[in-house]
Number of protein chains: 2
Amino acid sequence: MSDHASGRGLRRAELARRTGCNLETVRYYEKIGMMPDPPRTAAGYRVYGSDHVSRLKFILRARELGFSIEEIRGLLDLVDGGDQTCAEIKERTERHLSNVRTKIADLRRIEIVLAAAAARCSGGDVPDCAVLETLEGS
Amino acid sequence: MSDHASGRGLRRAELARRTGCNLETVRYYEKIGMMPDPPRTAAGYRVYGSDHVSRLKFILRARELGFSIEEIRGLLDLVDGGDQTCAEIKERTERHLSNVRTKIADLRRIEIVLAAAAARCSGGDVPDCAVLETLEGS
DNA sequence: CTTGAGCCTGTAGTTGCTACAGACCTTATA
DNA sequence: TATAAGGTCTGTAGCAACTACAGGCTCAAG
């Protein structure tokens, strides 16, 4: 059966390669409904087009920016609906940005405690340790 | 059967309450071997002592500082072995600290991109959106 | 015609919990 | 003493977001 794998259609590995996505993750995104079900060859092989490439890139970029799958699903719904407004997208972005800032603040607190404990450590061949004191109770 | 639940021994809920740990998490830490199996009453109820309280607090503090379960297991092994050295603990702490700093750097990069995209947004009732441009390709 | 690569499916594993269901035990009150 | 309410027990399933198989097709090259 002649498919157009060498023409416009991409197989899964090629889609993965072009987007930098893990091979199995492609299938995973399809399973959870983030990627539309692609057409298949007669033998059942998935055939992807440029729309799949851009959608997958969108998802991957959003993931890199720390958006959760559900957040991305929401963004995609807006885009797919075609009636998204900049205001709505901006609001979601700022909500996510504020989560990111909270995480940074949490990690900075951790960093300070760890750095202080490590600094108080002699680092010697002795059983007493400032880190353990920090962990065992103040 | 007389147990000493009201004396020195604590039941699970009380241990959880005193440490701020979730009730089920206590059992989870036991299952994965982070907490020693406590003695039981004749009816099978767990009975905890002050050693369990301190160990659980240790684990919880280390978790708050972002140590993974495996890292904590390593620390506890050192402490339990009794031959831990400050140098060893310090090294592990600094390794973890460097992971934390990497995460902070990653998040700061994300923060910058998100903030820039949101700033370029008009926020109006229009379909064009700077955030979407960021996600759809540079 | 065979070999090897690539694809298919379903499922299990990862991390660190959290939340049940259904059965037992304990305690207080009537 | 009966009973109702609560605590505890076990095992198991679920969460996010993948990742990695096993076992079976299909396809192209030699």
OP1 or OP2 of C/dC8 under 4.0 Å from side-chain N/O of A/R46:
yes
Side chain of B/I69 (C-beta onward), nearest among D/dT19, C/dT9, C/dG16
C/dG16
At a cut-off of 3.5 Å, list every protein nitrogen or oxygen paired with a nitrogen or oxygen from nucleotides 2-4 of chain D, distance to 0.1 Å.
none

Identify which nucleotide among C/dT26, C/dT18, C/dG16 has an atom closest to any side-chain atom of B/N22, counting heavy atoms from C-beta outward.
C/dT18
Applying side-chain contact (heavy atoms from CB on, under 4.5 Å) to A/Y48 and A/V26, what does each step give before you reach the verdict?
CA-CA 11 Å; A/Y48 298 101; A/V26 174; 3.5 Å; yes
Just how far, in rounded Å, is P of D/dT19 from OH of A/Y28?
10 Å
So does A/Y29 get a side-chain nitrogen or oxygen closer than 4.0 Å to the phosphate oxygens (OP1/OP2) of D/dA17?
no
Please tabulate, for the side chains in residues 97-107 of chain B, all donor-acceptor contacts under 3.5 angstrom to protein atoms that are two or more places apart in sequence or on a different chain.
from: B/R101; atom 1: NE; to: A/E111; atom 2: OE2; distance (Å): 2.8
from: B/T102; atom 1: OG1; to: B/S98; atom 2: O; distance (Å): 2.9
from: B/D106; atom 1: OD1; to: B/R109; atom 2: NH1; distance (Å): 3.1

Could you go through residues 28-40 of chain B and list every donor-acceptor pair under 3.5 Å that involves a side-chain atom there, pairing it with any protein atom two or more places apart or in another chain?
from: B/E30; atom 1: OE1; to: B/R46; atom 2: NE; distance (Å): 2.8
from: B/R40; atom 1: NH1; to: B/G44; atom 2: O; distance (Å): 2.8

Atom CD1 of B/I32 and atom C1' of C/dG13 are separated, to the nearest Å, by 16 Å
Of the nucleotides D/dA17, C/dC7, D/dT10, which one has an atom closest to the side chain of A/R63?
D/dA17
Separation of D/dG6 P from B/L23 CG (nearest whole Å):
16 Å
Does anything in residues 116-129 of chain B form a side chain to side chain donor-acceptor pair (under 3.5 Å)? List the pairs, not counting sequence neighbours.
B/R120-B/T134
From CZ of A/R40 across to P of C/dC7 the rounded distance in Å is 12 Å
So which of residues 95-108 of chain A are in contact with DNA chain D, with a heavy-atom cut-off of under 4.0 Å?
none
Atom OH of A/Y48 to atom C1' of C/dC8: distance rounded to whole Å?
11 Å
side-chain hydrogen bond (donor to acceptor under 3.5 Å, both in side chains) involving A/R55 - partner list, sequence neighbours excluded:
A/D80
Can a side chain N or O of A/T25 be found less than 4.0 Å away from OP1 or OP2 on D/dT19?
yes
Could you give the CD-to-C1' distance, from B/E70 to C/dT15, as a whole number of Å?
10 Å
Tell me: CG of A/D37 to C1' of C/dC8, nearest whole Å?
14 Å
Atom pairs under 3.5 Å: protein N/O with N/O of nucleotides 21-25 of chain D:
from: D/dC21; atom 1: N4; to: A/E24; atom 2: OE1; distance (Å): 3.1

Residues which pass side-chain hydrogen bond (donor to acceptor under 3.5 Å, both in side chains) with A/R18, listed by chain and number, not counting sequence neighbours:
A/E14
Test your reading of the model: is there a side-chain donor-acceptor pair from A/R12 to the backbone of A/R27, 3.5 Å cut-off?
no
Who are the side-chain hydrogen bond (donor to acceptor under 3.5 Å, both in side chains) partners of B/E64, not counting sequence neighbours?
none
Pairs involving residues 100-119 of chain B, ordered by first then second residue, that meet ring pair (Phe, Tyr, Trp, His ring centres under 6.0 Å) (sequence neighbours left out)
none
Hits for side-chain contact (heavy atoms from CB on, under 4.5 Å) against B/S68, two or more places apart or cross-chain, chain-then-number order -> B/E70, B/E71
Of all residues at least two apart in sequence or in a different chain, which pass the salt bridge (Lys or Arg N to Asp or Glu O under 4.0 Å) check with A/E88?
A/R92
Determine whether a donor-acceptor pair (N or O, by modelled atom type, separation under 3.5 Å) exists between the side chain of B/T25 and the backbone of B/C21.
no
Interatomic distance where CZ belongs to B/F67 and C1' belongs to C/dG16 [whole Å]:
17 Å
If you find the nucleotide of DNA chain D closest to B/R12 and the one closest to B/K31, which residue's nucleotide is nearer the 5' end?
B/R12
